[in-house]
Amino acid sequence: MNLDLFDQPDEQPDWAEPLAPGAMVLRGLALATQHEILAALAPLIARAPFRHLVTPGGHRMSVAMSNCGHLGWVSDARGYRYSGIDPDSGLPWPAIPAPWLALALDAARRAGFPDFDPQACLINRYQPGARLTLHQDRNEHQLTQPIVSVSLGLPAVFLFGGDRREDKTQRIPLAHGDVVVWGGPARMRYHGVLPVKPGVHPLLGECRVNLTFRQVT
DNA sequence: CAGTCACG
DNA sequence: GCCG
């Protein structure tokens, strides 16, 4: 199933690039899938608008965030955590749209994680200059399941480090439609995003949107 | 330390 | 001044 979410490998020999043991980049999301994914974005953001969270250390994040799914990732002075309620509205987060879930499951399966069942999708908006410094995803309990990260809109450089912050990082250029999956031995690798360069994407304008799917429990 | 900045 |  889902064999048509990515374009045929023949047309793009390097469509699945191993990054490290347990990590890979999938390139060439099919056009029909791209449009399904993008069509679902506006209604979600109408219900749970992007907002700049504050780190426990008191810094405003340059990336603006929202969530969908049973659980959403939030940060404030009390720390990082998952919450079933949007703290801005008091409402549950909207459901993960079916095409988003299909893509996340397909990408996870292709990367060797057939049992992925995400309850959380963090939606990150990077306007030019926005970045994410090197960090680990460590607020999830279910560490046997991977992280699935979908890039949309403006390109960016993904930093993929090691198990320690000081380890050397790989720089991976990511374009609209690229999906990165990391899990297993790579699950706790440090990662981040360099400041997004100014530009205009034909579908999303002056922004990059990243969808990060996670199985929390 | 999911940020910022000093320093080479 | 930019980069790491």
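- Atom P of dC1(B) sits at a distance of 14 Å from the matching atom of dC5(B), rounded to the whole Å.
- Under 4.0 Å is where a charged nitrogen must lie from a carboxylate oxygen, and between D137(A) and R187(A) no such pair does.
- Here dG4(C) presents its P atom at 19 Å from CD of E166(A), a figure rounded to the nearest Å.
- Residue ring and base: H59(A) does not count as stacked with dG3(B) (centre distance below 5.5 Å and interplanar angle below 30° not both satisfied).
- Of the residues listed (Q145(A), Q142(A), H141(A), Q119(A)), the one engaging T217(A) in a side-chain hydrogen bond (donor to acceptor under 3.5 Å, both in side chains) is Q119(A), and it is the only one.
- When heavy atoms are screened at a 4.0 angstrom cut-off, R81(A) is found touching no nucleic acid atom at all.
- Nucleic acid contact class of N124(A) (heavy atoms, under 4.0 Å, all strands): none.
- Across all strands shown, S75(A) has no heavy atoms under 4.0 Å from either base or sugar-phosphate atoms.
- Atom pair R189(A):CZ and dC1(B):P shows a separation of 23 Å (rounding to whole Å applied).
- A distance of 10.0 Å separates CG of N139(A) from CZ of R81(A), quoted to the nearest 0.5 Å.
- Partner of W73(A) under the ring-ring contact (aromatic ring centres under 6.0 Å, His included) criterion, out of W93(A), Y80(A), F213(A): Y80(A) alone.
- Look at CZ on R164(A): it is 20 Å from P on dC1(B), rounded to the nearest Å.
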